[in-house]
Structure formats: structure tokens, C-alpha cells
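Please read the structure below before turning to the comments.
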Amino acid sequence: MATSDMTVSKKIKPRLAVFKFASCDGCQLSILSLDEDLLILDQAVDIAYFPEASSKMQEGPYDVTLVEGSISTPEHLHQIAEIREQSKILITIGACATAGGLQALRNFADADHFTEVVYAHPEYIESLSTSTPISEHVKVDFELWGCPIDKLQLKQLLSDLLAGVTPRFPGQSLCQECKRKSEVCVLVSGGEPCLGPVTRTGCGAICPSMGKPCYGCFGPADLSFPNDREQANAASLAERFATELKMSEDEIRRRFHLIYSYMSPFKEIGDADKKGGGNN
Amino acid sequence: MSKKACPSPASVMRSNRIHPARIIEKIEETPGIYTYRLQFEEQEVADCFAFAGGQFNMLYIYGVGEVPISIVSDPEDAHILDHTIRVVGRVTEVIGKMGVGDVMGVRGPFGSGWPLEEAKGKDVLVVTGGLGCAPVVGAIEYMFRRREQYGHIRIMHGVKTPRDLLYRERFDQWRKEPDTEVLLASDQPEKTWHYHTGVITELFDQVEMNPANTVVMMCGPEIMMKLAARHLIRRGLPDHALYLSMERNMQCGIGLCGHCQIGPYFSCKDGPVMRYDLIAPFLAKDN
Amino acid sequence: MAQANVNFRLEKGDLDRLLNALKLQGYKVVAPVETDGAVMWGQIESASDLPWGKRDSQKPGHYRLEEGDANRCFDIVNGPDSLKSLTFAAREKQTTIRQDGDASTLTFFPHKPEAEQIALLGARACDIAALGIQTKVLEEGEYSDPFFSARKAGLLIVAVHCTRAAETCFCASMDCGPKAQAGFDIALTELDDLFLIESGSEKGEAIVALLALAEAGSELTDRADDRIRACADSQSREINQQGLPQALYTAHDHPHWDEVAERCLSCSNCTMVCPTCFCHTVEEVPSMDRSESERFRVWDSCFSPEHGYIHGKNMRPTTRERYRMWMTHKLGGWIDQFGTSGCTGCGRCSTWCPAGIDFVEEYKKVREEP
Amino acid sequence: MSSRSIKVDMVARVEGEGALDIEMDGNEIRHVHLKIFEPPRFFEAFLQGRHYSEVSDIVARICGICPVAYQMSAVHAFEKLFEVKLDPQVRKLRRLLYCGEWIESHALHIYMLHAPDFLGFDSALEISKTAPEVVKRGLKLKKVGDAILETIGGRAIHPVSLCVGGFTRVPKKEVLAELLGDLYWARDAAVETVHWVAGLDFPDFSQSYTFMSLKHEDEYPFNEGDIFVSGAEDDAQIPVTDYEAHFEESHVAHSNALQCHYHSKPYLTGPLSRLNNNRDNLHPLSSSTLDVTGLKLPLNNPFHGIVARSVEMLEAIEEAIDIIEAYDPPAKPVAEYEVREGSCMAATEAPRGVLYHRYRVNAEGLIEEAKIVPPTSQNQSRIEEDIRMLLPSIIDENDEKIAHECERVIRCYDPCISCATHFLKLSVTRN
Ligand SMILES: Cc1cc2nc3c(=O)[nH]c(=O)nc-3n(C[C@H](O)[C@H](O)[C@H](O)COP(=O)(O)OP(=O)(O)OC[C@H]3O[C@@H](n4cnc5c(N)ncnc54)[C@H](O)[C@@H]3O)c2cc1C
Ligand code: SF4
Ligand code: SF4
Ligand code: SF4
């Protein structure tokens with residue numbers, strides 16, 4: 001985790017850049033959705049590179065770089081290395097950048113076959129066979145999870161960085177927030193396959209509050225602190241889905257393999273080949 | 001701000017409110033460890049704030065959070081409030097960047113500190129380990145300011161490697177005090193290390209002690225304290241004469257948030273300095 | 001207990017008279033209301049908003065509402081919310097702090113604890129006992145939580161003695177129910193055809209007097225007592241408290257903790273729904289330009305990864321230690337700390353555990369020789 | 001003549017990444033390629049083997065700007081197959097959800113992405129330095145749209161409550177009513193927006209377009225209606241089920257998006273087409289506000305897109321107000337239905353134009369085949385055509401100016417390249 005020492009640039013405004021790889025744009029849009037806080041941000045930093053918002057595209061180096069999207073073409077590999085070199089603090093935002101995104105589903109299948117399904121002339125497509133998180137390629141100082149990221153967390157992240165404070169977000173599971181909001185548990189009282197117990201908090205328990213089981217879009221809960229890796233007990237929840245909810249193996253696999261399919265321990269659920277595998 | 005008589009002590013001391021205080025002096029003890037002298041912004045608070053040796057405050061850093069930090073200044077000079085802080089993480093990093101003129105919040109004082117009263121007239125053994133133990137420094141200085149009230153004072157400090165020895169000058173200074181011994185040990189050898197090489201408990205065997213008339217104050221990694229305590233008990237010290245500083249996660253400092261539990265105790269209100277005979281079963285265990 | 005309270009007859013159709021009396025006294029009436037397949041506290045306007053003809057079926061990890069006796073409105077034993085959510089709010093704004101432009105001053109604005117006047121209809125013995133326990137923790141120590149005190153002071157408690165237990169209930173073994181012994185202003189016992197009503201405080205007495213009811217007589221009170229006794233007898237679960245707290249401290253290295261950790265999700269649901277758990281943390285929420293920052297007290301749990309963290313070390317690094325903390329504190333530590341068990345036998349921790357972990361069963365295993 | 005090569009590495013203020021490649025021989029255009037190199041994400045492939053109930057959460061991730069459109073088209077397709085009878089209030093709520101997305105997306109494009117072109121700024125943030133109240137108005141309008149999405153869908157980006165048969169949960173009347181205050185403000189702000197954009201300087205660049213949009217008997221189209229074609233081609237009304245018989249996708253080497261043609265010719269979808277085809281169904285206030293601008297329909301100048309979008313934003317706000325004022329929560333949020341196997345299609349109006357989905361579902365409700373045609377792939381060849389038309393008039397300008405003018409044309413379309421598949425690179429080679 002980065003020590004967000006941005007004090008050096010107290011006089012000169014820190015330079016902010018936003019880059020995009022394979023993604024839906026939603027996380028960048030979250031920046032534009034900061035309402036009036038966007039104007040405050042604009043006063044506090046020099047937005048040096050953010051093509052979605054400005055045609056003024058300045059070269060690096062940058063003090064803070066936000067990266068959206070996953071690495072999925074050969075060109076991306078060079079770009080991300082260059083971006084890292086240009087960036088003092090590099091922060092990945094969203095499920096794509098932090099875990100390969102929904103499109104990482106292709107890591108579990110034969111990507112060539114996928115190309116044929118969508119495009120008529122597969123020979124035109126230049127794509128890697130995998131969609132991978134940024135951290136698999138370069139050092140990442142901080143990650144903001146979620147698909148899309150949560151506006152309040154984004155605000156807190158930026159606010160902390162500007163104040164020279166190391167951002168920190170809780171890794172525990174969603175259920176705490178769900179209960180604080182007095183939502184009725186959709187799993188216990190509705191028999192729905194809620195991923196909340198093994199999903200990282202951050203969204204504000206949106207799905208249960210909408211009467212829908214959580215589908216894990218904030219990724220697996222991180223039960224370790226500070227750094228000894230205690231993983232969410234996805235296997236136990238999967239077992240419960242099988243016994244109490246009578247779900248089939250395939251249904252259970254599909255449940256875990258959606259937005260954060262490429263991150264342990266979701267990755268290993270129902271994936272015979274990769275069972276017990278590490279982060280790769 | 002000079003200190004006047006306090007009109008209504010309870011309104012300040014029992015309010016559990018955060019009071020703004022300004023840094024009037026910052027001293028770098030060693031890189032990454034700083035002592036801050038604070039002055040309350042509100043006259044009434046400055047007048048009324050009183051603490052006992054070894055208590056701690058919750059220091060509030062604007063927009064970031066609160067951390068428990070021991071008061072190291074002398075309780076009899078209650079208008080002076082010193083905190084020695086090591087930069088380790090999110091909150092303390094920000095504190096490290098603060099300087100004279102900056103304002104933080106102070107909520108306290110809480111907890112019970114070193115047995116400085118009980119130790120009067122007795123020998124004192126201070127056992128510390130690891131990367132400097134700020135809270136006990138205040139206690140040592142307190143005793144030296146009243147040197148005649150205490151018996152023999154022996155300070156033993158163990159480090160992993162000589163590089164971990166902070167406050168080297170302070171140890172040298174203390175060594176010059178009357179009837180005082182300072183013994184240092186390093187687990188790992190090094191050419192420039194003129195002191196003991198090995199674990200601190202080995203030093204216990206090299207010194208004479210008066211088990212019936214000694215109070216021990218310990219501060220450091222729990223496993224070190226546990227081994228040291230066992231050793232001292234074997235040397236005949238009564239288990240209730242051993243006092244340990246037990247740090248736990250604290251969010252409130254007043255026994256309500258539940259984080260600082262050690263078995264039946266709350267480190268914030270039953271401690272942080274706790275008697276060995278009470279906490280022995282819970283020491284150095286995941287709990 | 002002091003002499004038994006006088007019970008009066010309240011016809012089922014007259015429940016609205018009680019509601020009106022409460023409203024006339026300025027209370028907002030809150031009661032269990034069917035919500036998303038369970039009951040939650042909700043404001044009611046008339047007795048018809050109560051869950052008539054419904055009851056709950058509870059098992060570890062399982063909760064469903066079913067059709068029941070149409071003439072009865074308090075057959076749902078409980079939902080996930082205890083009184084805790086009303087008195088010890090899940091998220092409470094404590095302080096707002098402002099920093100002036102050049103960062104040279106901080107001004108603190110503590111929030112005033114304020115609370116609505118709520119008449120809570122349908123509080124159960126176990127939850128009233130739990131409120132008593134939270135009072136010891138949050139009000140009777142050296143320091144207290146002013147927000148809790150204010151909210152609690154705003155409550156008028158209309159208890160319902162339980163005449164039906166869920167499969168997960170074990171209040172009888174914890175001596176906390178099924179009949180509320182104290183801590184209420186008014187109490188009802190629901191029989192098939194009518195209610196018995198009694199008062200437990202002066203405030204309650206005044207309200208009951210307003211209703212000008214006839215005394216119930218011994219035949220009815222006997223019937224009510226029978227129902228309550230039968231409810232106690234129907235509870236198949238129990239916690240044997242002998243040897244506590246020491247027995248749990250010494251079970252520190254019991255292999256069963258590892259076994260539970262295989263199943264436990266560390267999701268904190270058990271501690272969140274527990275009516276006595278009081279752990280909380282503070283959330284600091286600064287504005288984007290840092291001109292203002294707010295501090296909130298929020299429910300926390302010993303299952304949170306940071307709960308046992310001190311710099312460089314986590315006292316409870318894995319689920320095994322976290323589950324052990326939960327049970328050891330609840331059934332053991334509490335006795336030392338507050339002179340009472342932390343458990344009232346409401347059964348929520350088991351029902352609302354998504355992994356279906358049965359607190360009572362796990363306790364038994366931990367008490368067995370390894 | 002000597003060869004010139006012009007490069008602009010990225011067209012800004014569009015969603016997604018692509019490039020423009022122009023090659024010329026003297027004054028003769030050899031080719032104009034809108035190159036979309038936003039990497040393919042293979043959504044249609046992931047959908048195979050998934051349960052129909054999972055589809056709306058998957059397709060939402062195609063685009064963070066218009067997720068509701070994706071969810072809507074998918075859900076509507078399945079509802080046709082399963083013959084779901086929607087509660088009328090659920091149908092209204094769906095329209096309301098769509099209003100939220102239109103308001104949010106249009107406000108974003110008008111104020112944040114497009115306006116800087118007309119005012120000569122690099123970004124809206126630059127505008128905010130001289131005219132902060134304008135930018136604040138835009139941001140607040142966007143927020144009003146977001147608030148609708150959040151209330152019904154839980155969040156503005158990738159909302160969660162839409163499902164086959166209705167919603168997983170519907171808002172209470174009083175909760176929706178809380179939105180009204182801001183919507184009344186927004187109505188006035190949207191009228192002001194129309195006046196403001198109508199007063200901008202528009203290049204004279206009228207084209208002969210084929211306008212394609214949905215058309216509904218008595219509503220401005222969001223999620224229902226037939227496909228309607230007008231303008232350069234003969235008017236035609238085409239049921240959505242026949243879409244693929246008239247509109248054909250092809251893959252060209254320079255793009256990671258498929259291009260789509262109507263009877264082999266480029267066409268236009270989006271606000272301009274919608275407005276031209278559906279003017280009769282505008283609310284009175286949107287209609288009269290449009291009249292006051294003095295613009296005559298059909299609008300043939302792509303630069304008038306910003307006006308069309310502003311009128312539509314007003315329309316969506318009025319519609320939202322109507323729905324909320326008359327809202328009565330449905331008895332049941334989700335209708336009952338039975339899963340059937342078969343093929344199904346649906347098209348709805350995303351903020352950027354028609355979004356077509358087709359699925360084949362098996363008896364277990366699993367997807368066997370999926371096809372999705374987003375608005376930007378439909379507009380792609382029309383954008384290329386526009387640039388071909390523009391080039392002769394600016395041929396004597398320097399490279400930088402040419403690049404800039406081309407980018408402006410592209411932005412008129414509010415292209416969403418994440419949908420089609422956002423680095424827009426331009427290289428011009430002149431021989
Ligand atoms: C009674 C008591 C007295 C202390 N006295 C001093 C002192 O005089 N000087 C000094 O430098 N340090 C002292 N500490 C330790 C100091 O509180 C921690 O170093 C500090 O909390 C770390 O906070 P952080 O945010 O910088 O670190 P991080 O590692 O980022 O910690 C995150 C959070 O965890 C909690 N936490 C982490 N470590 C501790 C800890 N050791 N104790 C309690 N909570 C912790 C805090 O809430 C902290 O904000 C004392 C601790 C206690 C309990
Ligand atoms: S609904 Fe889901 S997130 Fe909420 S408590 Fe239940 S399992 Fe946890
Ligand atoms: S430590 Fe755990 S069991 Fe005890 S009060 Fe806190 S959350 Fe509850
Ligand atoms: S016991 Fe059950 S409810 Fe409690 S943390 Fe474990 S899984 Fe969650």
C-alpha cells in the first residue's frame with residue numbers, strides 16, 4: 001500500500017491522470033458523477049490526462065494515476081508499463097482493473113472460440129487470450145474495488161490522497177452493512193443464493209436492499225489484516241448453496257463466476273482444473 | 001497560557017469530549033519518533049485537565065481518526081502535556097507530518113498507568129524490548145525527577161539487532177543517574193555492540209535482585225514479557241509485583257467499544273498497565 | 001420477584017384502544033410488521049397492521065413465515081431486529097468537526113442525543129433482558145453512551161410474554177424468558193380469544209387505567225401461565241452454564257474451534273443480530289475539500305478483520321480465533337465483565353447464520369473433552 | 001501532390017477508445033476509417049450457457065453510461081418469449097428508470113462532452129472557470145437523473161433491481177415523491193438548456209440522412225415500438241422481429257466493432273432520428289420549447305444533435321414527473337411466468353439510439369445464442385460518411401484543424417465506443 005506522500009506538491013497542484021483499458025467506462029463515469037465535488041477536485045488538482053472529460057491531454061509524469069480496465073490486448077502490456085513509469089501513485093479502480101472484470105470469464109475458456117462467436121472475421125481481432133488485473137503486470141499502490149466503484153469510496157480515496165493520508169477501506173463482508181441497514185436477509189429468509197457473506201463491503205448492501213441476492217460485484221471479502229492472507233470462506237458458502245438451496249454444481253459455479261471470477265477464492269469454485277490454485 | 005484554578009473539574013474531565021490542542025513544540029527523538037508538547041486551546045480545559053502517571057489520551061487527527069497515546073509528561077506539571085509518538089501507520093503518519101502550530105484533538109485521560117506510587121521506596125526494574133517503548137520513558141523520567149523516593153533503578157532493554165536501539169543517548173544519560181543501572185542486550189551480534197549479546201532474560205541471571213522489595217515495569221512484545229515474567233518469578237519475585245503494558249486495538253478508550261478485551265478485562269479501563277497475576281492466562285495468546 | 005401484577009382482560013378487538021391510548025400519550029407506536037418475509041419494527045396505525053395469522057419457522061440458517069392461527073397476532077416469535085436497533089442505533093452521528101481555511105483551528109460540534117417517544121408493542125422477554133444487559137454495558141460503567149441513554153429513555157415498552165417458542169429459542173435455560181420479569185411498562189399475554197394485560201411501571205399503570213378494564217380473574221391467569229409454561233417446556237435447546245466462564249477460557253485450544261472455522265463465514269451476522277453485542281467502531285467521513293468531517297459510531301463485530309489488530313499484529317488473525325472470541329465473550333467474558341451472561345437465548349445468532357451454524361450445538365462440542 | 005500524414009492520437013470526450021484513419025490522394029479521399037480499437041470483450045460468448053435471469057447483470061457491463069438500455073432490451077426480449085404480462089405500473093416504472101438514464105446520459109453529453117466544442121474549450125471544467133453556473137446546472141441535471149436511477153435501481157451505474165417480470169423491489173410512493181422537488185427544478189433547467197444550446201453557433205453541414213428509430217403509437221419511444229425509417233430512404237415501419245432482415249452487420253478489418261447497414265447503406269440512429277420520427281409524441285412543453293428555437297424538422301445537421309438531446313432531456317423530465325405524480329405501487333413487483341424455449345428479440349431506445357438484442361433460450365432457461373447490436377455500431381459507417389462529406393470543405397486547412405473538425409463531427413454522435421467496443425486515434429495520410 002502506498003504512503004500517499006503528496007506533500008511535495010503542496011505548492012504546485014498534483015497532476016492527475018485517468019487511463020482506460022478494457023472496461024465499460026462506468027468507473028470513470030463515477031468520477032464525472034461526483035457532482036460538485038468534481039469541481040472541488042478540479043480546483044485541487046491539475047487534471048492532466050482524462051480523455052473522457054477533456055481534450056487537453058498532457059504528457060506525464062503524473063502524481064496520481066487512476067486506471068480503469070483490464071489488460072487484454074498485446075498493446076496494453078506496453079501501455080501499462082509506460083503508465084506505471086510515469087506515475088508516482090498508481091491506483092486501479094473497478095473490477096476490471098483489480099481482477100480482470102467480467103471479461104475475465106474468458107480466462108476460463110478458449111478465447112479463440114469466443115472471438116468467432118461475436119465477430120465474423122476473427123483474423124481481424126488482436127486480443128490476448130486472457131483478461132488480467134493490472135496488478136498482474138505492474139506494481140499497484142492502491143486498489144478500489146467494485147463494479148462499479150462506489151462514489152463515496154472514490155470521494156474518500158481522493159480526499160485522503162489530497163490530504164496526504166493513506167486511504168484504507170474495510171475488507172470485511174457485506175453482511176455487516178446489510179444488517180446495519182436493517183435489511184431482511186434474502187438468503188436466510190428468502191432462500192436466495194446471496195454472496196454477501198463472502199463479498200467485500202463497500203456498495204452499501206444495494207442488492208439485499210432491493211430484495212435481490214448479492215452477486216458479488218465488490219469481489220471476495222478480505223478477512224486478513226494487516227497482510228496475513230485469510231480468505232473469505234467461499235467453499236463453505238458454496239456447500240451451503242448445495243445443501244440448503246439445492247443448487248446444482250453448475251449453478252453454484254455460475255454464481256461465483258460472474259464479476260470477480262478471476263479472483264481467489266471465487267476463482268476456485270467449481271473450477272476443477274484450478275482447484276486450490278493460487279492467484280494465477 | 002498559564003494554569004489557573006479549575007472551576008468545575010467534572011465538566012471537563014468526565015465529558016468525554018474531544019478538546020482542540022495546539023502543538024507548541026516538536027522534538028525529533030530519532031527518525032520516526034517525535035515528542036509533541038501540546039497546549040489546550042480552551043482555557044477551561046487547560047485549567048482542569050489532570051492526569052495520573054501512565055495514563056493515555058486518545059489523540060484525534062482531523063479527518064483521519066483517533067489513536068491511543070500515552071502521556072509522557074509529569075502529572076505534577078499538568079499544564080504540560082507531552083506525547084511521544086512513533087510513526088507506524090495511517091494515523092501516526094499524519095501526526096509525523098504535523099508541526100508546531102498545528103492543532104489536534106485530545107480526549108482523555110484514560111486508563112491506569114504505571115504503579116509509580118506503589119513503587120516508592122522500592123527497587124524498580126524496568127524491562128523493555130523492541131523498538132523503543134515510549135510510555136515507559138515518561139515513567140522513568142518521573143522517577144528520576146524524584147530520585148530520592150525510589151530505591152535502586154535498573155533499566156533493561158532488549159533489541160533484535162543493534163540497529164533497533166533507539167534513544168541511545170537517553171540510555172547513556174540514565175546510566176549517569178545515581179544508584180541506577182542500564183543494561184542492554186541484542187539478540188544478534190555486531191562489532192560495535194559493547195553490551196550483552198543474547199536475549200534479555202539472560203541478563204536477569206547476571207544481576208542481584210531483592211525479590212521482596214522490587215516492582216517490575218514491563219513494556220514490549222507480549223512474548224518477551226511473558227518469558228521475562230516467568231524468569232523473574234523463578235528468581236522469586238511475586239507475580240503481583242510485575243506490571244505489564246498491554247496494548248490492544250482501541251476505538252473509544254472508555255470501555256464501550258469492545259475492541260481491547262483481554263479475557264475478562266478491557267485493556268483501556270483495566271489497563272493498559274496490568275498486573276501479571278491477573279492476565280497471565282491470557283498473555284501472548286491469540287485472544 | 002415482588003407480588004404478581006394484576007392482570008386485566010383486553011378483548012382482541014380492543015387492542016386498538018390500547019394503541020389509541022398510547023398515541024394519545026404522544027407515542028409513536030412501533031410493532032413487528034411483516035416485511036420482506038420476516039418481521040421488522042415498523043410504525044403501525046392500527047392493530048390490523050400486526051401480522052395476524054402468521055407464525056415463524058426457524059432453524060439454524062433458516063427463517064420462513066407460515067400461515068398460523070388467524071385469531072392471533074403475536075405468534076411470530078421474533079425477526080432479525082431486537083431492541084438493539086432502536087436503542088443502540090447501528091449508525092449514530094457523534095460529532096461534526098470543522099477546520100478553518102488555513103488549518104489553524106478545529107471546532108468540535110458534538111451532536112445532541114435526541115430520541116423519539118416510541119411505544120414499542122411486542123417486545124419479548126429475551127430482548128427486554130438484553131436491553132437490561134446493554135444498560136449495564138453502556139450506561140452503568142464509569143462512562144456511558146449518551147445516545148443509547150436518550151433512545152432508551154424515549155421507549156415505552158409493551159411486552160408480550162411468549163406463548164410460542166421457535167425451534168431456535170432457549171431463553172428458558174438462560175433464565176430470560178419466556179415471561180418478561182421486569183423492564184417493561186405494560187405486558188400482554190395473548191390467548192386464543194383475548195389478551196391479558198398488566199402493568200410493570202407507573203407509566204404503564206396509568207395507561208392501563210385509562211382503558212378501564214375488568215380484572216382477569218384466576219381462571220384466565222392460570223390459563224395464561226399454563227401457556228407460558230408450555231412454551232418454556234417446548235424449548236428443546238439449552239445452554240448449560242455450569243463452569244462458566246472458566247470453562248471457556250480453558251477451552252482456548254479446543255480442536256472444535258478449527259472445525260467451526262471450516263464452516264463459519266466470518267460474516268458477522270451472529271453478532272449483528274445479537275441483542276447484547278455492543279462492539280462498535282468510529283467512522284470518520286471528511287468532506288472532499290476537508291472543510292468538515294463527521295464522526296459516526298457504527299456497529300462493529302469481533303468478526304471484523306481489524307477488530308483485534310494492533311500495529312504489526314492481529315490478535316485474532318483467522319476465523320478460528322474470531323469465532324472463539326464471539327462465543328467466549330458472549331457466554332464467558334461477559335460474566336466477569338458485567339456479572340451476567342451476554343446471552344439471553346433469543347436464538348437469533350443461529351437462525352440468521354447463513355452457514356446454519358448452531359451456537360448451542362457448537363457450545364456443547366466445545367464443552368466436550370476433545 | 002506530396003503526401004501528408006496527420007495524426008491525432010485520441011479523440012477526447014467520447015466514451016471508449018478508437019481511432020480515425022483518413023487516407024487521401026491529392027484531393028481525392030481514398031478511405032475514411034473509424035477505427036475502433038477498444039478491445040473486444042466477447043459478451044455474446046459469455047452469455048452462452050448462462051441462465052436468462054443472469055443476463056441483465058451481465059449485459060449491463062457492456063456499457064457504464066447506458067446500462068439500463070442493455071438491461072431493458074434483454075429483459076424485454078425474454079418477457080416476449082415467456083409471454084409475461086406486465087403490471088401497468090411496472091411498465092411505468094420501467095419508463096421512469098429509462099428517463100433517469102436519458103437525463104443522466106444526455107446531461108453528461110450536452111454539458112460535459114459536447115458543449116466545450118461550441119464554446120472553444122477543452123473541457124467542461126474549463127468552462128466552469130468562466131461560467132461556473134452553467135456547469136453546475138449541467139452537473140445538477142445529471143444528478144437528478146442519477147437520483148431516479150438510484151431510487152429505483154439501487155445505484156446509477158449498473159442498477160440492480162430490473163428483472164424479467166418486473167423489478168425485484170419497487171419503491172414506495174412517498175420515496176418516489178421525494179424526487180419531485182428536484183425534477184420540477186430540472187424541468188426549468190432543461191428548458192433553459194434548450195434555449196442555451198439553440199443559441200450556439202452551428203456549422204452549416206446538412207446531410208441527407210436515413211433516420212432510424214423506434215416509433216410508438218402514443219408515446220415518445222423508450223422501450224416499445226416498431227422500427228421506423230424515414231428521410232433519405234422511403235418511410236418504412238419494420239417490426240423488431242424483422243430487424244435482421246433489413247439491417248445487416250459486417251466486420252471490417254479496421255474496427256473491433258461490427259458495422260451495420262440498412263439495405264447496405266449507412267443510416268442514423270439516436271436523438272436526431274428519434275426526434276424527427278416522433279415529434280408528434282412530445283409532451284406539450286418539450287414541443288413548444290422546440291418551436292421557440294425556430295428549428296424546423298427534420299433536423300439534418302448532425303451538429304443539431306445537441307439540441308435534439310436537450311429537447312429529449314426535457315421530454316424525459318416531463319415524463320418522469322408525470323409518472324411519479326400518478327404512481328401507485330404495483331400489487332406485486334414481479335409478474336409470474338413460465339420459462340419457455342425459443343428465440344426472442346427486443347429493441348429499446350438507449351440514449352444513443354436503438355439497441356437490439358436477440359437470444360435463443362433452451363427449456364432450462366439457459367442461453368444458447370445471443371446477438372447484440374449497439375447504437376454506435378449502427379452509426380459507425382454514417383460517421384465515416386459524414387467525414388467524407390466534410391473533408392472537401394476543409395481540405396486546405398492544416399492537419400491539426402482537419403483533425404479537430406473531424407473530431408467535432410464524431411462527437412455530435414455521442415459515440416459510445418465502450419458499447420461498440422475509447423482511444424480514438426486519427427491518422428491522415430495524404431499522397
Ligand atoms: C494504551 C496505549 C498507549 C499507547 N501509547 C503509545 C505511545 O505513547 N506512543 C506511541 O507511539 N504509540 C502508542 N501506542 C500505540 C499506538 O496507539 C498505535 O501505534 C497507533 O494506534 C497506530 O495507529 P496508526 O493508524 O498509525 O497505525 P495502523 O497500523 O494504520 O493502525 C490502524 C488502526 O488500528 C488501531 N491500532 C493499530 N495499532 C494499535 C495499537 N498498538 N494500539 C491500539 N490501537 C492500534 C488504531 O485504531 C489505528 O488507527 C499506544 C497504544 C495503546 C493501546
Ligand atoms: S442478504 Fe446477503 S448480504 Fe444481507 S445478511 Fe443476508 S447473506 Fe448477508
Ligand atoms: S467481542 Fe464479539 S461477542 Fe463480544 S460484544 Fe463484541 S461483537 Fe459481541
Ligand atoms: S457463526 Fe455464522 S453468522 Fe456468525 S460469523 Fe460465522 S457464519 Fe457468520
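Each chain gets a letter, A, B and so on, in the order its sequence line appears, and its residues count up from 1. Worth saying up front: this structure is predicted, and the values here are computed from it rather than measured.
Within the 4.5 angstrom heavy-atom criterion, atoms from both the backbone and the side chain of A:Ser189 approach chain C. At a 4.5 Å heavy-atom cutoff, the contact between C:Ser287 and chain A is made by backbone atoms alone. Heavy atoms of C:Glu283 lying under 4.5 Å from chain A are absent altogether. Looking at A:Leu237, both its backbone and its side chain come within 4.5 Å of chain C, counting heavy atoms on both sides. Interface remark: C:Ala261 contributes backbone atoms only to the contact with chain A (heavy atom separation under 4.5 Å). In this structure, the portions of C:Asp36 lying under 4.5 Å from any heavy atom of chain A include both its backbone and its side chain. With a 4.5 Å cut-off on non-hydrogen atoms, C:Arg290 touches chain A through its side chain but not through its backbone. Of the two parts of C:Glu262, only the backbone, made up of N, CA, C and O, holds a non-hydrogen atom closer than 4.5 Å to a non-hydrogen atom of chain A. If you measure heavy-atom distances from A:Glu244 to chain C, the contacts under 4.5 Å come from the side chain alone.
Side chain to side chain, C:Gln58 and C:Asn78 meet the donor-acceptor criterion of an N or O pair below 3.5 Å. Side chain to side chain, C:Thr96 and C:His111 meet the donor-acceptor criterion of an N or O pair below 3.5 Å. Side-chain atoms of A:Glu143 and A:Thr98 form no donor-acceptor pair, as typed in the model, at a separation below 3.5 Å. C:Gln99 and C:Ser291 share no donor-acceptor pair across their side chains, judged by distance under 3.5 Å alone.
In this pair, A:Phe266 and A:Phe256 present their aromatic rings perpendicular. The plane angle is above 60°, beyond the 30 to 60° band. The aromatic rings of C:Phe148 and C:Phe88 sit perpendicular, their planes meeting at an angle over 60°, well past the 30° parallel limit.
Counted within 6.0 Å of CD on C:Glu361, heavy atoms from surrounding residues, nucleotides or ligands total more than 12; the atom is thus considered enclosed.
For the ring-ring contact (aromatic ring centres under 6.0 Å, His included) test, no residue two or more places apart in sequence or in another chain qualifies with C:Phe296. Residues meeting the side chain to side chain contact (heavy atoms under 4.5 Å, CB included) test with C:Ala90, sequence neighbours left out: A:Arg180, C:Trp299.
With chain A as the partner, the residue from C:Gly312, C:Gly79, C:Pro286 showing the most heavy-atom pairs under 4.5 Å is C:Pro286. Ranked by heavy-atom pairs under 4.5 Å with chain A, the list C:Ala355, C:Ala38, C:Cys264, C:Gly37 is led by C:Ala355. For the set A:Cys178, A:Cys175, A:Ala235, the entry with the most heavy-atom pairs within less than 4.5 Å of chain C is A:Cys175. Top candidate by heavy-atom pairs under 4.5 Å with chain C, chosen from A:Gln43, A:Gln176, A:Gln156, is A:Gln176. With chain A as partner, the option from C:Ser268, C:Ser85, C:Pro354 having the largest number of non-hydrogen pairs under 4.5 angstrom is C:Pro354. Of the listed residues A:Lys181, A:Gln172, A:Glu183, the one with more heavy-atom pairs under 4.5 angstrom with chain C than any other is A:Gln172. The candidate with the highest count of non-hydrogen atom pairs below 4.5 Å against chain A, out of C:Arg91, C:His311, C:Arg263, C:Lys59, is C:Arg263. For the set A:Lys155, A:Glu177, A:Glu239, the count of heavy-atom pairs under 4.5 angstrom toward chain C peaks at A:Lys155.
C:Tyr309 and A:Phe225 have their aromatic ring centers within a separation under 6.0 angstrom. For A:Tyr260 and A:Trp145, the ring centers sit closer than 6.0 Å to each other.
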